[in-house]
Number of protein chains: 2
Amino acid sequence: MPAKPKRQKTRIEDIRRVELIDAAHRIFLREGLKGLTTTKICAEAGMSQGILTYYFRDKDEVLFEMVRMNNRVLADAVVVHLRAASNGWERLTALIDGNFPAPYYDRPTARAWISLYAEAAHNERYARLIRPYYRRLRSNITAILKPVMAPEAIDHFVRGFAAMIDGLWLRRGHSETDMWLDEAKLLLVEYIERMLGSEVVARLKAG
Amino acid sequence: MPAKPKRQKTRIEDIRRVELIDAAHRIFLREGLKGLTTTKICAEAGMSQGILTYYFRDKDEVLFEMVRMNNRVLADAVVVHLRAASNGWERLTALIDGNFPAPYYDRPTARAWISLYAEAAHNERYARLIRPYYRRLRSNITAILKPVMAPEAIDHFVRGFAAMIDGLWLRRGHSETDMWLDEAKLLLVEYIERMLGSEVVARLKAG
DNA sequence: CAAAAATTTGTACGCTCTAACAATTTTTTG
DNA sequence: CAAAAAATTGTTAGAGCGTACAAATTTTTG
């Protein structure tokens with residue numbers, strides 16, 4: 001057996017994979033999970049049918065890579081926001097900004113992700129794809145609130161906060177006019193303020 | 001042309017339709033919208049394949065009737081709760097009870113309805129099926145709050161409240177343990193209390 | 001430049017689903 | 001009870017899907 005079974009790979013493999021993932025992402029936003037077929041992905045990428053299974057095991061691997069890429073981008077954005085924050089309150093609002101990225105809180109995006117969530121409900125592999133998102137949200141909030149709140153109170157708050165975030169995305173997908181970015185962010189800020197109470201908020205703003 | 005084109009129908013048509021709708025409902029809760037196929041519906045009802053298109057135009061008509069039946073049952077339950085309420089505050093909590101019927105706030109139910117919502121996002125006919133639910137919720141809340149709040153404030157509140165309800169259902173579908181009935185109701189009651197403020201709540205409880 | 005490897009194409013198989021429908025059985029009617 | 005109507009069955013056509021794969025093309029290698 002050779003010491004170097006794989007030589008330095010040409011970059012074309014990486015290029016094609018990214019092109020296909022991008023194409024899948026466009027279809028996904030446009031037509032949801034149901035409309036995401038191999039034929040459409042390849043056509044959108046300007047390639048022929050068979051190429052997909054040459055660069056990926058199957059269609060799901062394209063989808064999974066797409067979701068992972070998205071999660072990574074979102075998580076990085078949150079980190080950037082968090083770094084810029086100078087106290088607990090700003091770190092909380094940074095989480096809001098991170099979960100509602102300005103240009104992407106639109107109906108197609110909301111619709112697409114809802115379709116993925118729906119599938120995840122009956123498919124464990126899809127469910128595993130989504131869980132990291134919540135784990136990170138939970139751990140971020142917990143870290144921020146730990147200095148100023150009791151653990152059980154934090155858990156209770158996180159459950160409500162997470163539900164609110166999900167609900168605001170769901171409402172966004174439901175109608176073109178029923179929900180919009182500023183309103184969603186305002187509702188979340190109000191939620192934090194009223195649920196934590198002015199005393200905790202003051203302490204958050206202090207440190 | 002005869003004066004009576006349709007004579008007194010035998011009840012068997014109504015029986016079969018209900019049986020098929022019930023069967024569809026069981027499949028729907030068990031496997032979601034994606035698992036709801038004509039073959040499975042008929043098998044579940046103990047009939048043969050072809051019978052479905054004899055009593056319904058197509059599969060979607062079964063689904064639509066199923067949803068309409070469900071909406072009717074839910075709406076009736078809300079009305080019962082509302083009748084028993086003696087002031088504004090109780091009417092609000094009655095809405096909560098109506099939207100979270102004790103034995104049905106479980107994972108299969110949540111999953112199933114999420115799958116329907118996902119489809120509605122890309123299918124206008126499905127979307128029309130769901131809208132009445134929100135219209136009723138909105139109009140119920142508005143009627144309750146009109147005496148004690150400004151119209152714009154009511155709209156703002158309703159958007160948050162509706163998002164919270166949706167989010168709590170979404171969270172319920174996501175995991176077996178992350179959300180449960182008492183916690184969901186508590187979060188909603190807290191939401192109302194904190195968002196409306198003690199003064200408005202006091203006035204609601206007064207009348 | 002020729003051989004080998006990598007890349008791309010187009011086709012085709014097997015699967016699942018919906019809806020249509022002829023054929024059959026059961027029930028009602030006169 | 002026989003004819004007509006209603007109810008039910010089982011099959012099948014047709015469309016869309018994912019994936020496998022042989023063949024063709026392009027690029028790399030020596």
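Predicted model, so just to flag it, every value in this text is computed and none were measured. Chain identifiers are assigned alphabetically (A, B, ...) following the order of the sequence lines, protein sequences preceding nucleic acid strands; residue numbering begins at 1 within each chain.
- Minimum interatomic distance between B:Y191 and B:G160 (heavy atoms only, all atoms of both residues): OH-CA, 3.2 Å.
- The side-chain hydrogen bond (donor to acceptor under 3.5 Å, both in side chains) test applied to B:E193 returns no partner, not counting sequence neighbours.
- For the pair A:F56 CZ and D:dG18 P, the interatomic distance rounds to 15 Å; values are reported in whole Å.
- With sequence neighbours excluded, no residue satisfies side-chain contact (heavy atoms from CB on, under 4.5 Å) with B:S139.
- Summarising the geometry, the separation between CD on B:E13 and P on D:dT8 is reported as 10 Å, rounded to the nearest angstrom.
- Listed by first and then second residue, the side chain to side chain donor-acceptor pair (under 3.5 Å) pairs involving residues 162-172 of chain B are A:Y134-B:R171, A:D166-B:R171, A:R171-B:D166, B:Y134-B:D166, B:R172-B:E176 (not counting sequence neighbours).
- At a threshold of 4.0 angstrom between heavy atoms, the contacts of A:Y54 include nucleobase atoms, whether or not backbone atoms are also involved.
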Please output the side-chain donor-acceptor pairs of residues 73-86 of chain B that fall under 3.5 Å, not counting sequence neighbours, one pair per line with the distance.
unit_1 : atom_1 : unit_2 : atom_2 : d
B:H81  : ND1    : B:A77  : O      : 3.0
B:S86  : OG     : B:E90  : OE1    : 3.0

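- Considering only residues two or more places apart in sequence or on other chains, B:E190 meets the side-chain hydrogen bond (donor to acceptor under 3.5 Å, both in side chains) condition with A:H156.
- Remark: P of D:dG10 and CE of B:M47 are 14 Å apart, rounded to the nearest angstrom.
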Worksheet item: Between A:R131 and A:E124, is a salt bridge (charged side-chain N to carboxylate O under 4.0 Å, His left out) present by the stated rule, with each step listed?
Response: CA-CA 10 Å; A:R131 266 192 266 276; A:E124 180 53 27; 2.5 Å; yes

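- Using a 4.0 Å cut-off on heavy atoms, the residues of residues 15-26 of chain A that approach DNA chain C are A:R16, listed by number.
- For the pair A:I41 CD1 and D:dG18 P, the computed distance is 8 Å after rounding to whole Å.
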Return the polar atom pairs (N/O with N/O) between nucleotides 16-19 of chain C and the protein under 3.5 Å, or none.
unit_1 : atom_1 : unit_2 : atom_2 : d
C:dT18 : OP1    : B:K59  : NZ     : 2.8
C:dT18 : OP2    : B:T38  : N      : 2.9
C:dT18 : OP2    : B:T38  : OG1    : 3.0
C:dA19 : OP2    : B:K59  : N      : 3.1

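- Taking the side-chain hydrogen bond (donor to acceptor under 3.5 Å, both in side chains) definition, one finds that A:K34 meets it with B:E119, sequence neighbours left out.
- B:I51 places its CD1 atom 13 Å from the C1' atom of C:dT24, with the value rounded to the nearest Å.
- Among the heavy atoms of the strands lying under 4.0 Å from A:Y55 are primed sugar atoms or P, OP1, OP2 only; no base atom is included.
- A heavy atom closer than 4.0 Å to some atom of DNA chain C occurs in no member of residues 112-129 of chain B.
- By the ring-ring contact (aromatic ring centres under 6.0 Å, His included) test, A:Y117 pairs with no residue at all, sequence neighbours left out.
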Taking only distance into account, with no hydrogens and no angle test, what donor-acceptor pairs under 3.5 Å do side-chain atoms of residues 23-31 of chain A form with protein atoms, sequence neighbours excluded?
unit_1 : atom_1 : unit_2 : atom_2 : d
A:H25  : NE2    : A:N70  : ND2    : 3.1
A:R26  : NE     : A:E44  : OE2    : 2.6
A:R30  : NH1    : A:E44  : OE1    : 3.4
A:R30  : NH2    : A:E44  : OE1    : 3.2
A:R30  : NH2    : A:E44  : OE2    : 3.4
A:E31  : OE1    : A:K40  : NZ     : 2.5

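- Partners of A:Y54 according to the side-chain hydrogen bond (donor to acceptor under 3.5 Å, both in side chains) rule, which considers only residues two or more places apart in sequence or in another chain, do not exist here.
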